[in-house]
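Report on the following structure.
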Amino acid sequence: MKSIVYVYILDTMADWELGYITAAINTAASYNQTTPVYSIQTVSLTKEPILTLGDLTIIPDCSIDEINERALAALLLPGANTWNEAKHQTILHKAEDYLNAGILVAAICGATLALADLDLLNTRLHTSNSKEFLTTFSSHYTGGTFYQNTLAVTDSHLITASSAGSLLWAKQIMDYLDVLPKPMLEAWYNYHATGDPKYYTELMTSTQ
């Protein structure tokens, strides 16, 4: 079974962008006992600690060459200020391979720029912080006609999001992976998006 969601971590990672999706995957079973069970594994170039933009130190669970590709359900790529470092080309080329193999790749914020530099957004619907962000900072980007001015976009096995879109990004990842039944997922999303207690009640009663 494809049961592992790998999260690539790197220095200056925008740690808050991962909060909704990692917490939702790890607590899904408490909402719905029939949900597919996924585990989160952090992966980096090596097992050396990384320092996030929020000044948290994280020790990766595994290095890139230890990824269990038979169990790989998805690869999540968070935003960071260091995606232009050459050492990250290893995971980016793996992301390209995974997309071509029909495995989910989900990128947010600066990670979308890294994918643009590999020509991976030129023929797929996508979003980012803005179209200008991609056209200004990527010399390889020619996908303007595929750009969607929204917080998050799913196109087949690729999910992209702006830096302001972590909640919708999480929802679309959860929907793709079938983490929660759709009515429960809608209640989860609506509660976090609005704070309206009626959606919390919907979420809690849908678990019974």
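As the structure is a prediction and not an experimental result, all values here were calculated from the model.
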Problem - No-hydrogen, no-angle side-chain donor-acceptor test under 3.5 Å, Gln172 and Thr154 - result: yes
Problem - Side chains of Asn129 and Ser162, donor plus acceptor under 3.5 Å - result: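 Asn129 vs Ser162: no donor-acceptor pair found between side chains.
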I'd like to check the salt bridge (charged side-chain N to carboxylate O under 4.0 Å, His left out) partners of [X]; sequence neighbours left out, ordered by chain and number.
| X | result |
| --- | --- |
| Glu96 | none |
| Asp196 | none |
| Lys131 | none |
| Lys198 | none |

With sequence neighbours excluded, what pairs up with [X] under the side chain to side chain contact (heavy atoms under 4.5 Å, CB included) test?
| X | value |
| --- | --- |
| Ser63 | Asp65, Glu66 |
| Thr201 | Thr205 |
| Ile50 | Ile9, Asp11, Ser44, Thr52, Ile58 |
| Asn26 | Ile40 |

Side-chain touch [X]/[Y], heavy atoms, less than 4.5 angstrom:
| X | Y | answer |
| --- | --- | --- |
| Leu53 | Asn81 | yes |
| Gln41 | Val5 | no |
| Leu121 | Leu158 | yes |
| His140 | Leu118 | no |
| Leu76 | Ile173 | yes |

Problem - Residue pair Ile21, Met174: steps toward the side chain to side chain contact (heavy atoms under 4.5 Å, CB included) verdict - result: CA-CA 8 Å; Ile21 186 57; Met174 292 165 70; 3.6 Å; yes
Completion exercise
Residue pairs passing the side chain to side chain donor-acceptor pair (under 3.5 Å) test with at least one member in residues 103-115, sequence neighbours excluded, are Thr112-Ser128
What closest approach, in Å, do [X] and [Y] show between heavy atoms, and which atom pair accounts for it?
| X | Y | result |
| --- | --- | --- |
| Ile59 | Lys47 | CG2-O, 3.8 Å |
| Met13 | Leu18 | SD-CD1, 3.8 Å |
| Tyr20 | His192 | CE2-CD2, 3.8 Å |
| Ala116 | Leu134 | CB-CD2, 4.1 Å |
| Tyr176 | Gly102 | OH-O, 3.7 Å |
| Lys2 | Glu69 | NZ-O, 3.5 Å |

Handout entry: side chain to side chain contact (heavy atoms under 4.5 Å, CB included) between Asn68 and Tyr6, worked out
Key = CA-CA 9 Å; Asn68 181 354; Tyr6 283 97; 3.5 Å; yes
Handout entry: Intermediate values then yes/no, side chain to side chain contact (heavy atoms under 4.5 Å, CB included), Arg124 and Ser156
Key = CA-CA 9 Å; Arg124 296 176 170 92; Ser156 189; over 6 Å; no
Problem - Atom CG of Asn149 with >12 non-hydrogen neighbours under 6.0 angstrom - result: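 Counting neighbours around CG of Asn149, 12 or fewer heavy atoms of other residues, nucleotides or ligands fall under 6.0 Å, so no.
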Handout entry: Within 6.0 angstrom of Tyr200 OH, more than 12 heavy atoms from elsewhere
Key = no
When you measure from the side chain of [X] to the backbone of [Y], do you find a donor-acceptor pair of N or O atoms at a distance under 3.5 Å?
| X | Y | result |
| --- | --- | --- |
| Thr136 | Phe133 | no |
| Ser3 | Tyr38 | no |
| Gln148 | Thr127 | no |

Quick one: pull up [atom1] in [X] and [atom2] in [Y] and give me the separation to the nearest 0.5 Å.
| X | Y | atom1 | atom2 | answer |
| --- | --- | --- | --- | --- |
| Leu113 | Asn84 | CG | CG | 8.5 Å |
| Thr57 | Leu51 | OG1 | CG | 5.0 Å |
| Tyr199 | Leu203 | OH | CG | 12.5 Å |
| Leu72 | Ile4 | CG | CD1 | 8.0 Å |
| Thr160 | Leu115 | OG1 | CG | 8.5 Å |
| Leu45 | Leu10 | CG | CG | 10.5 Å |

Anything under 3.5 Å between a donor and an acceptor, one on a side chain of residues 182-190, the other on a protein residue two or more places apart or in another chain? List them.
| unit_1 | atom_1 | unit_2 | atom_2 | d |
| --- | --- | --- | --- | --- |
| Lys182 | NZ | Asp175 | OD1 | 2.5 |
| Lys182 | NZ | Asp175 | OD2 | 3.4 |
| Glu186 | OE1 | Lys171 | NZ | 3.3 |
| Glu186 | OE2 | Lys171 | NZ | 2.9 |
| Asn190 | ND2 | Glu186 | O | 3.1 |

Exercise for the section: Quick one: do Tyr98 and His157 satisfy ring-ring contact (aromatic ring centres under 6.0 Å, His included)? Show the steps, please. Expected result: CA-CA 9 Å; Tyr98 296 155; His157 309 296; over 10 Å; no
Practice task
Keeping to residues at least two apart or across chains, list the ring pair (Phe, Tyr, Trp, His ring centres under 6.0 Å) pairs with something in residues 99-132.
Solution key: His126-Tyr141, His126-Tyr147
Practice task
State yes or no: are the ring centers of Tyr8 and Trp83 separated by less than 6.0 Å?
Solution key: yes
Fill in the blank from the handout: Apart from Phe146 itself, members of its ILVMFWY cluster (side-chain separation under 4.5 Å) are Leu125, Val153
Problem - Check against side chain to side chain contact (heavy atoms under 4.5 Å, CB included), Val43 and Asp61 - result: CA-CA 6 Å; Val43 58; Asp61 293 315; over 6 Å; no
Exercise for the section: Establish whether Val7 and Trp16 are linked, either directly or via other cluster members, by ILVMFWY side-chain heavy-atom contacts under 4.5 Å. Expected result: no
